[in-house]
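Written below as structure tokens is the structure these notes are about.
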Amino acid sequence: MVASGTEASGGGDVGLRRRGCTYRKYDFLPEESFQSWGNYVKALRQTPGRFKDRVLTRSLDSTELVEMKAQSHNEMKKTLNWWDLIWFGIGAVIGAGIFVLTGLEAKQHAGPAVVLSYVVSGVSALLSVFCYTEFAVEIPVAGGSFAYLRVELGDFMAFIAAGNILLEYVIGGAAVARSWTSYFATLCNHDSNDFRIVAPGLGENYKYLDPIAVVVIIGICFLAVLSTKGSSRLNYIASIVHVIVILFIIIAGLTKADIKNYEKFAPFGPRGVFQASAVLFFAYVGFDAVSTMAEETKNPGKDIPIGLVGSMVITTFVYCLLAVTLCLMQPYGSIDEQAPFSVAFEAVGMGWAKYVVAAGALKGMTSVLLVGAVGQARYLTHIARTHMVPPWFAQVDGKTGTPVNATVTMLAATAVIAFFSSLDILASLLSISTLFIFSLVAIALLVRRYYVSGVTTQATRNKFIACLVLIVGSSIATAVYWSKTDKWTAYVVTAPLWFLGTLGIWILVPQARSPKLWGVPLVPWLPSLSVAINIFLLGSIDRDSFIRFAAWTLIILIYYFFFGLHASYDTAKDSLAKRLEAGTNLELKKAEAAEVYAPSAARDSELDGKSGSNTSAHPAS
């Protein structure tokens, strides 16, 4: 084995850099705080001061674009264009959400009005897409929303988001993998649980063990580590097949439409529509994976806006058509919760079509798993570049140009969750994490436009903070009130407060920064509306899901205060010291150059003087 590099940080241990998931002594905890028990105890005693530093310190665009990328030792290959991104977006999003959750939410919460649920969650997702797009164009790195939040809201908020981003991807992948098994069973003329192993000793939501889901994830892992461009081509082919199947479902399904099924359009009322919207947000999860591919995009300023916004508009339109088709084919009370479209075709006398639908669903879910695997590994890679998690995860393979360690680790966690957990638990918990992160990204965009350190005055900053508190506070109050009662009285107060907060930013706070290449239109209105809708949908999610969310947040906070905080603090200080040293060296070089130049200039001047004397003493005749 040939050495391809040495570890610069963490001491002088020189080792071989091998491809794949190998590791060395300093790959996991190379920072000074972890080199001895004495150092670690000292670091723990300094926790309050270090925490304050990390809360108040914001990263720089240049840090994310240059220094953080250098932590991976090898560059990711720039092979993607807008066409690749559109198909990645479609492949990332259209999967388990539409093929499974449509039936579940139509039957339990929304009825035929599930189409309105898709519109609400689609508008929310599209607003978030706008925010992500501006960031991805300005900061085209693999870290996605984690990098954006580090720059605008600081290390601590970025870490909280990072924990939930990783949870989002693990849970999302697990949910899709379990849905893959359900549709595969349908394709084989079996019930959805026939291929699962029943473990009576476990709880109701955990007793159906799913080995097929684990096998599928292992296959996806091999594809994801080989090549990003190769994954793109495979996703492109699978997505084309997927679109053909979707067109078949819509056209064939509408030939069996019965308008009587729409007589009770919203049987559960507005509350049911919004409850379904909160869960169906799961169906839009995945587009943020496309933003993590910005580092591998040839022309981010052009390709990312077209890829992200284009794929989301197409996806929302397709979702609405599919929801309408399903509810016209069958009464909402008769819809199957596990494989709704396949069973619907069987119910209207087109039993053969269920195989086409099941095959198309499998293609779609395979694409979702593949794009999710690519995206989640890039998130973990960039998080590891900051040392909030061990830098071993940041390594990029020199041959494939992919983050092998991060890919394998994330998919291993996904496989464990997929083996045990049921879809309904996963979908609700996933929606909380996603809506929370999207709200933070919208807030971060407002901060990016209206606050720049050293440019924004203290008075302007205070006005901006007051307006932002008004926006977030009124949105939370609206969501809480919605979750408690069907009355509308409080909205007369909370809605105008949100409007006044947004209007205040628009009128009273001048923009401190303008986007260089592509910007969100109608700022601050669109980001503010994104915050309001995302927080409102959070108010429609059940209490048990929030308890699980709180438990996960507690776990990541414990990790942060004992490990992540000290590792990222040491890394940041080392980075600052290197920048200062580089600046000092540059000044020294300038000074040395000046010293070399000064005697030379003096000699030239002296020679010129002598030449001038000689000329005057011996004028030309």
Side-chain angles (χ1 to χ4, degrees), residues 48-70 131-132 134-141 143-162 382-383 385-388 437 439-472 501-502 504-520 523-524 527-528 531 560 564-565 568-584 586-587:
R50 291 183 170 201
F51 178 61
K52 181 181 178 181
D53 176 84
R54 293 294 84 202
V55 168
L56 298 178
T57 301
R58 299 193 300 165
S59 182
L60 301 171
D61 290 11
S62 58
T63 302
E64 302 301 313
L65 289 167
V66 181
E67 291 184 31
M68 291 300 104
K69 286 168 69 173
C131 298
Y132 267 82
E134 180 171 328
F135 273 118
V137 169
E138 297 278 306
I139 313 173
V141 293
S145 53
F146 170 74
Y148 315 151
L149 295 175
R150 235 171 75 86
V151 169
E152 300 306 334
L153 300 184
D155 260 27
F156 178 65
M157 289 307 300
F159 177 80
I160 296 298
H382 199 78
I383 294 166
R385 287 169 173 173
T386 69
H387 289 219
M388 286 188 188
I437 294 162
S439 299
L440 288 179
V441 171
I443 292 170
L445 183 67
L446 289 172
V447 173
R448 183 172 183 82
R449 288 287 195 95
Y450 290 97
Y451 176 74
V452 174
S453 181
V455 175
T456 307
T457 65
Q458 186 174 351
T460 302
R461 183 197 66 185
N462 293 340
K463 285 187 283 187
F464 173 66
I465 291 173
C467 292
L468 196 58
V469 168
L470 204 57
I471 291 169
V472 175
T502 310
I505 293 179
W506 191 42
I507 295 175
L508 302 175
V509 184
Q511 287 198 32
R513 187 197 329 246
S514 297
K516 299 171 187 173
L517 298 173
W518 189 93
V520 176
V523 173
S528 180
V531 172
Y560 182 73
L565 167 63
S568 60
Y569 178 87
D570 286 351
T571 303
K573 295 309 172 188
D574 286 346
S575 175
L576 178 61
K578 288 175 183 176
R579 283 202 299 271
L580 292 173
E581 184 181 351
T584 303
L586 182 61
E587 291 299 323

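No experiment lies behind these values; they were computed from the predicted model shown. Reckoned from all heavy atoms, side chains included, excluding hydrogens, waters and symmetry mates.
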May I ask you to decide if the ring planes of Phe159 and Tyr560 are parallel, tilted or perpendicular, using 30° and 60° as cut-offs?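 Because their plane-to-plane angle lies in the 30° to 60° range, the rings of Phe159 and Tyr560 count as tilted.
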Nearest 0.5 Å, what's the [atom1]-[atom2] distance between [X] and [Y]?
| X | Y | atom1 | atom2 | result |
| --- | --- | --- | --- | --- |
| Ile505 | Arg449 | CD1 | CZ | 12.0 Å |
| Asp155 | Ile160 | CG | CD1 | 11.5 Å |
| Tyr148 | Leu440 | OH | CG | 14.5 Å |
| Leu149 | Met157 | CG | CE | 7.5 Å |
| Asn462 | Thr457 | CG | OG1 | 8.5 Å |
| Thr571 | Met388 | OG1 | CE | 9.5 Å |

List for me each residue that meets side chain to side chain donor-acceptor pair (under 3.5 Å) alongside Arg58, sequence neighbours excluded, and say none if there are none.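 With sequence neighbours excluded, Arg58 shows a side chain to side chain donor-acceptor pair (under 3.5 Å) to Glu152, given in chain and number order.
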Lys52 atom NZ, over 12 foreign heavy atoms within 6.0 Å: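 It does not: Lys52 NZ has 12 such atoms or fewer within range.
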Taking all non-hydrogen atoms of both residues, which atom of [X] and which atom of [Y] are closest, and how far apart?
| X | Y | result |
| --- | --- | --- |
| Ala162 | Phe146 | CB-CD1, 3.6 Å |
| Thr456 | Ala512 | OG1-CB, 3.6 Å |
| Ala442 | Pro527 | CB-O, 3.6 Å |
| Pro524 | Trp506 | CD-CD1, 3.7 Å |

Taking Arg513 for its side chain and Arg448 for its backbone only, find out whether a donor-acceptor pair lies under 3.5 Å.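 Between the backbone of Arg448 and the side chain of Arg513 there is a qualifying donor-acceptor contact (under 3.5 Å).
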Any donor-acceptor pair under 3.5 Å from Thr57 side chain to Arg54 backbone: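 Such a contact is absent between Thr57 side chain and Arg54 backbone.
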Any side-chain heavy-atom pair from Arg50 and Asp570 closer than 4.5 angstrom?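 Yes, side chains in contact.
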Compute the centroid of each ring, for Phe464 and then for Tyr451, and state whether the two points are separated by less than 6.0 Å.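 No: the rings miss the under 6.0 Å criterion.
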Using the test ring-ring contact (aromatic ring centres under 6.0 Å, His included), find all partners of Tyr132 that sit at least two apart in sequence or belong to another chain.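 ring-ring contact (aromatic ring centres under 6.0 Å, His included) check on Tyr132 returns Phe287, Phe438.
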The criterion is side-chain contact (heavy atoms from CB on, under 4.5 Å); which residues satisfy it with Ser439, sequence neighbours excluded?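 With neighbours one apart ignored, the set is Asn534, Ile535.
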